[in-house]
J.: 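One structure is given below, represented as structure tokens, and several questions about it will come after.
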2 protein chains.
Amino acid sequence: MESPAPRRTRIQQEKRELILEAALEVFSANGFRGSTIDQIAEAAGMSKPNLLYYFRRKEDIHETLMQRLLDTWLAPLRELDDIGDPMTELRSYIRRKLEMARDFPRESRLFANEILQGAPRIMPLLEGELKTLVDEKATVIKGWMRAGKIARTDPWHLIFSIWATTQHYADFDVQVRAVLGIDRGGDGRFEDAARFLEQLFIEGLKPKA
Amino acid sequence: MESPAPRRTRIQQEKRELILEAALEVFSANGFRGSTIDQIAEAAGMSKPNLLYYFRRKEDIHETLMQRLLDTWLAPLRELDDIGDPMTELRSYIRRKLEMARDFPRESRLFANEILQGAPRIMPLLEGELKTLVDEKATVIKGWMRAGKIARTDPWHLIFSIWATTQHYADFDVQVRAVLGIDRGGDGRFEDAARFLEQLFIEGLKPKA
DNA sequence: CTAACGTTTGTCCAACCGGTCAAAATTTTG
DNA sequence: CAAAATTTTGACCGGTTGGACAAACGTTAG
């Protein structure tokens with residue numbers, strides 16, 4: 001499956017890292033087809049042929065980026081665990097996801113771009129790894145519902161709604177800022193969002209009687 | 001501002017419509033830069049020069065599409081009115097938005113694509129028309145809160161969360177279907193989503209004591 | 001010093017893409 | 001029918017882009 005241990009020098013590691021950082025910047029702002037190798041090379045401070053020495057094809061950069069992305073992107077959901085108090089667990093999950101939207105908006109946009117285009121390069125991962133993980137967590141949530149800890153609803157759509165509301169602040173950032181205006185669209189918007197989402201989900205999921 | 005009444009023949013009207021329909025299909029699937037005039041022309045069943053006879057530049061097609069889009073896209077929010085019961089109004093708004101995600105996913109994706117790229121072509125509209133409309137509706141919602149009809153929260157973020165959760169089912173459709181799997185990812189997913197969102201928002205916004 | 005290896009760059013190419021143009025085909029009008 | 005106006009197309013152009021390549025540069029080890 002994977003190229004077996006591509007044995008790389010320290011310089012290669014560093015340069016590849018530099019390129020990936022530059023590519024994340026460029027891809028997330030312009031999409032895959034909207035980005036050129038030249039742009040990435042310039043952002044990484046090297047010539048185009050030099051960049052192509054480290055990544056043979058434009059697609060290779062994108063692929064490497066996507067693979068790394070998925071791991072870190074799903075980390076918060078993996079942490080959602082059965083041991084703590086359900087409401088607390090959900091609140092932390094929402095907070096962590098919102099923090100990721102705030103701290104890693106480029107990653108969020110890269111991912112959104114890929115899904116919007118129909119996920120041509122990561123469809124197997126969605127149907128495999130992602131589905132498995134979500135199904136597993138849905139079972140956990142169902143347990144909480146059966147135990148009367150949170151209100152009964154559809155766990156899958158609950159997860160979707162958390163993804164949607166939190167990632168919205170990364171993917172639709174320009175719209176959020178435009179609507180909030182100069183005064184309310186500053187750094188405080190994430191705290192406002194956190195307060196609102198916490199209230200919405202906590203109240204919306206309180207077990208009924 | 002606008003070209004004054006471009007006096008078009010019936011054929012021109014029809015062909016332009018045909019092109020716009022084809023362009024919506026192509027743009028929403030590949031983004032602006034990811035789409036070629038040839039693709040659109042082929043989807044519209046005509047040659048590239050012929051298409052360029054009706055729209056001089058690729059950007060003109062996109063611009064026309066975006067202008068039309070915004071009107072229909074904001075219609076549900078415009079309908080949100082002060083006269084009815086607040087909870088009923090909000091529930092209808094959510095339902096209408098979700099129906100739009102179901103019935104016009106291409107429009108939703110076109111819009112998402114534009115925002116993701118930083119909204120280069122519609123920024124003025126976001127800061128102008130859209131912000132004005134949202135501010136106006138936020139005032140209405142604030143009135144409901146003061147009257148004790150719904151819980152007190154941030155009206156802007158409430159609107160954002162409705163946008164995010166409903167449009168998610170259009171923009172991230174492939175992911176939703178991949179995660180739900182064959183059995184649960186069929187046509188019923190919108191009804192499940194409607195039920196879940198209704199519960200989340202209704203319970204989450206019930207006035208406290 | 002020099003051979004070997006890894007790195008960097010200038011140059012080039014073929015494919016693609018947005019858009020032009022003039023001529024041909026078609027439709028409309030008198 | 002014939003002239004005028006509109007619509008359609010093939011051929012073409014200049015700029016961009018992904019990628020190839022060989023030569024140059026630098027570094028390390030014998």
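Any value given below was found using the heavy atoms of this structure, including those in side chains, with hydrogens, waters and symmetry copies removed. Here the structure is a predicted model, which means the values were calculated and not measured. Each chain gets a letter, A, B and so on, in the order the sequences are listed, and its residues count up from 1.
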J.: Is the shortest distance from a Lys or Arg side-chain nitrogen in B:E129 or B:R78 to a carboxylate oxygen in the other one below 4.0 Å?
T.: yes
J.: In terms of side-chain geometry, is the basic nitrogen of B:R121 or B:E63 positioned less than 4.0 Å from the acidic oxygen of its partner?
T.: no
J.: With a cut-off of less than 4.0 Å, is there a side-chain N or O of B:Q12 near OP1 or OP2 of D:dT6?
T.: no
J.: Provide, to the nearest angstrom, the distance between the CD atom belonging to B:E14 and the C1' atom belonging to D:dT6.
T.: 15 Å
J.: Pick from A:R16, A:R106, A:R68: which one makes a salt bridge (charged side-chain N to carboxylate O under 4.0 Å, His left out) with A:E21?
T.: A:R106
J.: Whole Å only: how far is the CD1 atom of A:I37 from the C1' atom of C:dT8?
T.: 16 Å
J.: Rounded to whole angstroms, how far apart are CE on B:M46 and P on D:dT7?
T.: 11 Å
J.: Side chains of A:D135 and A:W156 only: does a donor on one sit below 3.5 Å from an acceptor on the other?
T.: yes
J.: Without decimals, in angstroms, what is the distance between B:E42 CD and D:dT9 P?
T.: 13 Å
J.: Measure from NE2 on A:H62 to C1' on D:dG18 and round the result to the nearest Å.
T.: 16 Å
J.: Among residues 48-61 of chain B, which contact DNA chain C at a heavy-atom distance under 4.0 Å?
T.: B:K48, B:P49, B:L52, B:R57, B:K58
J.: Report the distance from atom CD1 of A:I40 to atom P of D:dG18, rounded to the nearest whole Å.
T.: 8 Å
J.: Answer whether the closest heavy-atom distance between the side chains of A:K15 and A:L51 falls below 4.5 Å.
T.: no
J.: Looking only at side-chain atoms of B:R33, point me to the closest of D:dT9, D:dG19, D:dT17.
T.: D:dT17
J.: So, OP1 or OP2 of C:dT8: does either fall under 4.0 Å of a side-chain N or O from A:K15?
T.: yes
J.: May I ask you to decide if A:W163's main-chain N or O and A:K97's side chain share a donor-acceptor pair within less than 3.5 Å?
T.: no
